[in-house]
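So the structure is just underneath, and the comments pick up after that.
In what follows, chains are A, B, ... by sequence order, proteins preceding strands, each numbered from 1. Keep in mind that the numbers below use all heavy atoms, side chains included, and drop hydrogens, waters and symmetry copies. Remember, it's a predicted structure, so these values are computed and weren't measured experimentally.
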Number of protein chains: 2
Amino acid sequence: MIRVDFTPEQFKVAIATSVIVFGFDGENLKVLLGKKSGNPFEGAWIVPSSVVNVDEDTTDVARRLLKKITGTDSWHLEKLNGFADLYRNPQGRVINMAYYCTVRLDLNIEDRLEKENYSWFNLNETPSLAFDHNEILDYARERLKRRVKRRPIGFSLLPKEFTMYNLQRMYECALSKNFDKRNFRRKVLKSNLLIEMDKKTRSSSRAKRPSKLYKFDEKKYRTLSLKGYDFVYQ
Amino acid sequence: MIRVDFTPEQFKVAIATSVIVFGFDGENLKVLLGKKSGNPFEGAWIVPSSVVNVDEDTTDVARRLLKKITGTDSWHLEKLNGFADLYRNPQGRVINMAYYCTVRLDLNIEDRLEKENYSWFNLNETPSLAFDHNEILDYARERLKRRVKRRPIGFSLLPKEFTMYNLQRMYECALSKNFDKRNFRRKVLKSNLLIEMDKKTRSSSRAKRPSKLYKFDEKKYRTLSLKGYDFVYQ
DNA sequence: ACAAAAGTGTTACACTTACACCCATGT
DNA sequence: ACATGGGTGTAAGTGTAACACTTTTGT
């Protein structure tokens with residue numbers, strides 16, 4: 001028989017939640033970081049975080065945090081893991097339930113971010129973070145990588161309409177790998193989930209010749225995924 | 001600036017840990033379950049679990065639990081996730097940091113298990129469990145599946161020496177999929193990580209003709225994995 | 001003129017899948 | 001005798017990876 005009996009002294013732990021927010025500017029993956037105020041680690045960079053009360057659901061708090069930062073909570077939010085190392089927070093035993101989400105940078109959430117003192121960092125130029133937030137960020141990157149490989153989640157980082165160059169860069173950043181342009185295009189077009197638009201645009205400020213715009217066929221994808229299909233790239 | 005300030009009322013959470021223990025009897029995957037004593041859920045089946053004190057490391061407690069149950073803690077133990085649903089435990093807010101491990105059933109840990117009142121269940125014949133332990137078990141099965149696909153972790157479930165039949169059954173159970181015998185053998189032998197023994201044995205009690213024994217070449221695998229190689233089956 | 005990305009096919013190789021029969025042994 | 005897994009090869013198809021040049025446009 002297994003005993004799992006708690007005494008009052010064992011109810012002395014607190015909960016925090018962090019949300020790793022990923023964005024994509026058309027060429028590079030970004031992550032949102034902010035500066036911590038108050039002790040400990042005053043002024044250090046951290047991942048967006050919040051305290052969770054004993055009677056609060058961690059996902060609810062994470063969503064609220066997201067709404068406060070970005071103005072909406074309609075983003076794809078996914079639980080990562082609990083981080084429970086003994087000395088991760090000098091103020092006491094705190095368990096961090098971490099999430100990540102993907103946002104579209106073309107919807108203007110910038111003003112709000114500046115008011116809240118958050119900034120975007122390129123994923124491979126992130127500063128050293130307080131607490132165990134570097135570990136959490138690394139964990140989130142791995143999760144994003146896995147998801148992008150197996151599902152069309154990367155499209156939630158792109159604007160509604162995007163060029164092949166944008167799409168390829170997104171895959172290259174998320175998977176830390178370069179692809180052959182011809183092979184890449186053939187492979188993603190084979191899925192029949194990209195709709196070619198009649199419009200063109202320039203993929204980046206450096207680009208001279210405009211390129212075709214595509215959008216992701218959400219409806220078709222939903223139908224196919226009911227039958228077990230998924231949008232895989234690896 | 002981000003404020004993450006805790007008040008004393010927020011330090012009122014407790015920590016538990018559970019370990020999902022997987023085994024393999026040569027033909028089927030098993031999981032270890034025990035009966036709960038004391039309130040709540042007296043007599044219900046649960047996954048091996050323990051309270052974690054505020055000053056204890058969850059991994060340490062999980063290892064201790066594993067040693068108490070199986071007599072040794074030298075098994076492959078891996079953190080799964082934190083489970084923090086508001087009402088997962090009726091006694092208060094309890095966060096469960098869950099782990100899984102793989103054990104070899106040919107090492108006789110059976111006596112000890114009986115004393116502790118644990119039993120092995122076939123993975124597809126598990127009873128309904130107390131708390132959110134069914135959710136945790138499902139999570140563990142998914143993780144095992146993923147790991148078995150990408151790494152030779154399945155070998156830690158098999159005896160030192162095993163037959164092709166055993167190996168194939170292990171993959172079939174872990175991945176919930178049947179494989180063609182000829183294709184399976186060709187594929188795993190191609191890795192050159194199986195050493196053919198000069199011995200033979202019967203793969204199961206039903207088998208009549210004895211079959212060759214193989215062992216996994218741990219040394220070679222360690223060398224290769226330094227170079228980024230891994231033992232993949234999918 | 002020049003720079004920069006847009007756009008486009010073919011070939012070789014590797015891997016996956018489907019498939020069927022005889023063999024050795026224990027009961 | 002018979003039941004059970006042990007053991008073996010081939011061929012078709014699918015997917016992946018490597019590879020280079022012309023076109024269009026903005027500066």
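Taking atom CG on A:N178 and atom P on D:dA18, their separation rounds to 12 Å, with Å as the unit. Atom CZ in B:F184 sits roughly 12 Å away from atom P in D:dG6 (whole-Å rounding). When rounded to the nearest whole Å, the span between CG of B:D180 and P of D:dG5 equals 16 Å. Distance NZ (B:K212) to C1' (D:dG7): 7 Å, rounded to an integer number of Å. One interatomic measurement links the two molecules: CZ of A:R185 to P of D:dA17, which rounds to 18 Å at whole-angstrom precision.
A donor and an acceptor atom, one from each side chain of B:W75 and B:T70, are located under 3.5 Å apart. Defined by atom type and a distance below 3.5 Å, a donor-acceptor pair is missing between the side-chain atoms of A:Y165 and A:S211. Using a 3.5 Å distance cut-off with no hydrogens or angles, the side chains of A:S191 and A:Y221 do not pair a donor with an acceptor. Between the side chains of A:S156 and A:T102, at least one donor-acceptor pair of N or O atoms lies under 3.5 Å. With no hydrogens or angles considered, no side-chain donor-acceptor pair links A:S203 and A:N166 at under 3.5 Å.
Partners of A:Y229 according to the ring-ring contact (aromatic ring centres under 6.0 Å, His included) rule, which considers only residues two or more places apart in sequence or in another chain, do not exist here. By the ring-ring contact (aromatic ring centres under 6.0 Å, His included) test, A:Y214 pairs with no residue at all, sequence neighbours left out. In this structure, the ring-ring contact (aromatic ring centres under 6.0 Å, His included) partners of A:F155, at least two apart in sequence or on a different chain, are A:F162, A:F216, A:F231.
In this structure, A:K30 pairs ionically with A:D25, as a charged nitrogen and a carboxylate oxygen lie closer than 4.0 Å. One finds no salt bridge joining A:E135 and A:R88 here, because no Lys/Arg side-chain nitrogen approaches an Asp/Glu carboxylate oxygen to under 4.0 Å.
Residue A:S204 places none of its side-chain N or O atoms closer than 4.0 Å to OP1 or OP2 of C:dA4.
Rounded to the nearest 0.5 Å, atoms OG1 (B:T201) and NZ (B:K199) are 9.5 Å apart.
The stretch residues 160-176 of chain B does not touch DNA chain C, since none of its heavy atoms comes less than 4.0 Å from the strand.
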Which letters describe nucleotides 20-27 of chain C, given B = protein heavy atom under 4.0 Å from base, S = only from sugar-phosphate, - = neither? B--BBBBS
Distances under 3.5 Å only, N/O to N/O: pair up the protein atoms with those of nucleotides 12-17 of chain C.
residue	atom	partner	partner atom	Å
C:dT17	O4	B:R186	NH1	3.1

